[in-house]
Amino acid sequence: MLPPGAPPLVLAVPGSATGAGGTIAAELAVLVETEQTGQPALVGHLEGEDKSLRSVLAGVRQQRPEEPAAVVVPLLTGPHPQVDPLLREAVASAPQPVLLAEPLGPHPQIAAALHERLAEAGLARADRIRMMSMVTAASGFLVVTPGEQPALRQAEVTSVLLASRLAAPVFTALLDDPAGIDAAVRQLRDAGANRLALAPYIINGEPYREAIANAAARAGAEYAAPIGAHPALAELAALRYTEAMERALTALERR
């Protein structure tokens with residue numbers, strides 16, 4: 001829990017307040033408040049005028065000279081070439097000093113969330129434990145992520161963590177890279193996987209619904225739901241907030 005008067009946590013959400021991302025962010029903000037920080041979490045969107053990140057940051061006030069007015073936590077699983085510049089611009093234009101935290105992933109908690117979504121879809125055993133001889137619904141898994149190579153590298157870290165949880169081969173590909181998907185499928189087949197499942201490394205799946213279905217069809221795989229408003233993301237948002245504050249405090253002490 002945060003001490004009274006601590007700078008607010010602001011979830012920065014790709015897209016506008018009217019889409020599914022707004023609903024997901026609102027649910028996560030409640031979880032951050034009730035289960036993690038004990039203080040209200042704010043939500044700011046990177047598109048549109050309604051509840052925009054810029055307007056949210058314009059409304060926060062610095063409570064203590066040595067602290068930022070707010071800490072912005074991107075609601076992203078990793079770096080994103082289109083979203084990252086918008087984040088930096090919004091933070092730089094804030095009238096009060098504001099910190100920008102790291103994205104939520106990669107992290108073991110996101111691997112756990114992907115595992116849970118696969119289990120909900122009947123594609124993995126919820127109680128799968130490494131080295132136990134259980135039979136999963138799928139014998140090979142493909143994690144797909146939007147973005148470019150930096151996002152792929154971040155997703156690959158989570159794929160390793162997921163493979164450890166599932167005790168099954170897991171490979172990674174960019175969502176809009178057919179050649180990469182084909183290569184990952186070949187690797188899974190070479191590893192002996194005969195039934196494939198696709199896990200979207202995506203929080204808000206609405207903008208990627210067709211792309212996810214197309215990627216799964218290309219891979220010949222069934223697919224799980226995107227991560228959505230999973231409680232693990234609220235925990236990670238609070239963690240990224242704390243990390244950003246600690247870095248700022250360390251930098252201040254070194255001056």
Side-chain angles (χ1 to χ4, degrees), residues 10-29 31 42-56 72-90 100-107 110 113-114 116-118 120-121 123 141-156 158-159 172-181 184 197-219 221-230 232-234 236-237 240:
V10 181
L11 288 173
V13 188
S16 67
T18 58
T23 301
I24 291 170
E27 292 177 13
L28 287 173
L31 290 174
L42 308 177
V43 175
H45 294 266
L46 289 165
E47 294 180 15
E49 297 298 323
D50 185 24
K51 301 177 183 177
S52 71
L53 179 60
R54 288 176 182 269
S55 65
V56 170
V72 176
V73 179
L75 194 56
L76 295 168
T77 54
H80 194 291
Q82 283 77 46
V83 175
D84 292 347
L86 299 177
L87 279 167
R88 291 191 293 268
E89 290 168 9
L100 178 60
E102 295 294 322
L104 303 182
H107 194 275
I110 293 186
L114 291 176
E116 187 170 325
R117 295 298 183 236
L118 286 163
E120 289 169 351
L123 300 173
F141 299 85
L142 175 62
V143 172
V144 293
T145 180
E148 299 175 355
Q149 288 301 314
L152 180 64
R153 289 192 291 272
Q154 296 274 358
E156 285 172 343
T158 300
S159 293
T172 318
L174 292 173
L175 183 60
D176 58 355
D177 179 13
I181 292 171
L198 183 146
Y201 190 64
I202 299 167
I203 296 173
N204 173 20
E206 184 180 54
Y208 305 103
R209 185 179 303 169
E210 184 176 353
I212 292 169
N214 290 341
R218 186 174 188 91
E222 299 171 82
Y223 59 97
I227 299 168
H230 194 284
L233 300 188
L236 287 175
R240 299 306 186 213

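Everything numeric here is computed off the predicted structure, so don't read it as measured data. Any value given below was found using the heavy atoms of this structure, including those in side chains, with hydrogens, waters and symmetry copies removed.
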- prompt: Is there a side-chain contact between Leu76 and Leu87, using heavy atoms and a 4.5 Å cut-off?
  reply: yes
query: Checking His45 side chain against Glu47 main chain: does a donor-acceptor pair fall under 3.5 Å?
result: no
message: I'd like to know if the side chain of Ser159 reaches the main chain of Ala155, judged simply by a donor and an acceptor atom lying under 3.5 Å from each other, with no hydrogens or angles considered.
response: yes
message: What's the separation between atom CG in Leu11 and atom CG in Leu42, rounded to the nearest 0.5 Å?
response: 8.5 Å
- prompt: To the nearest 0.5 Å, how far apart are CD1 in Ile203 and OH in Tyr208?
  reply: 10.0 Å
message: Run Thr145 and Ile202 through side chain to side chain contact (heavy atoms under 4.5 Å, CB included) and show every step you take.
response: CA-CA 6 Å; Thr145 180; Ile202 299 167; 5.7 Å; no
- prompt: What is the distance from atom NE2 of His107 to atom CG of Leu233, rounded to the nearest 0.5 Å?
  reply: 11.5 Å
Under 3.5 Å donor-acceptor, Arg117 side chain and Ile227 backbone: yes
query: Does any non-hydrogen side-chain atom of Leu175 lie less than 4.5 Å from one of Ile212?
result: yes
field: Considering all heavy atoms, the nearest Ile110-Gly105 contact
entry: CD1-CA, 3.5 Å
- prompt: Which atoms form the tightest heavy-atom contact between Pro74 and Leu104, and what is the distance?
  reply: O-CG, 3.7 Å
statement: Applying side-chain hydrogen bond (donor to acceptor under 3.5 Å, both in side chains) to Thr23 and not counting sequence neighbours gives none
- prompt: So which heavy atom on Ala25 is nearest to which on Val13, and how close?
  reply: CB-CG2, 3.4 Å
statement: On a heavy-atom basis, the closest approach of Leu53 and Ala90 is CD2-CB, 3.6 Å
task: Return the minimal non-hydrogen interatomic distance between Leu123 and Ala224, and the atom names on each side.
output: CD1-N, 3.9 Å
Separation of Leu75 CG from Leu46 CG (nearest 0.5 Å): 10.0 Å
- prompt: side chain to side chain contact (heavy atoms under 4.5 Å, CB included) between Asp177 and Leu152: does it pass, once the steps are laid out?
  reply: CA-CA 11 Å; Asp177 179 13; Leu152 180 64; over 6 Å; no
task: Would you name the heavy atoms of Ala184 and Thr172 that are closest together and state the gap between them?
output: CB-O, 4.2 Å
Backbone N/O of Thr77 and side chain of Tyr201: donor-acceptor pair under 3.5 Å: yes
task: Give, for atom CZ of Arg153 and atom CD of Glu148, the distance between the pair rounded to the nearest 0.5 Å.
output: 10.5 Å
- prompt: Do any N or O atoms from the side chain of Arg240 and from the backbone of Ala101 form a donor-acceptor pair under 3.5 angstrom?
  reply: no
field: NZ on Lys51 to OG on Ser16, rounded to 0.5 Å
entry: 11.0 Å
- prompt: Can you check whether Ala20's main-chain N or O pairs, donor with acceptor, with Glu206's side chain at less than 3.5 Å?
  reply: yes
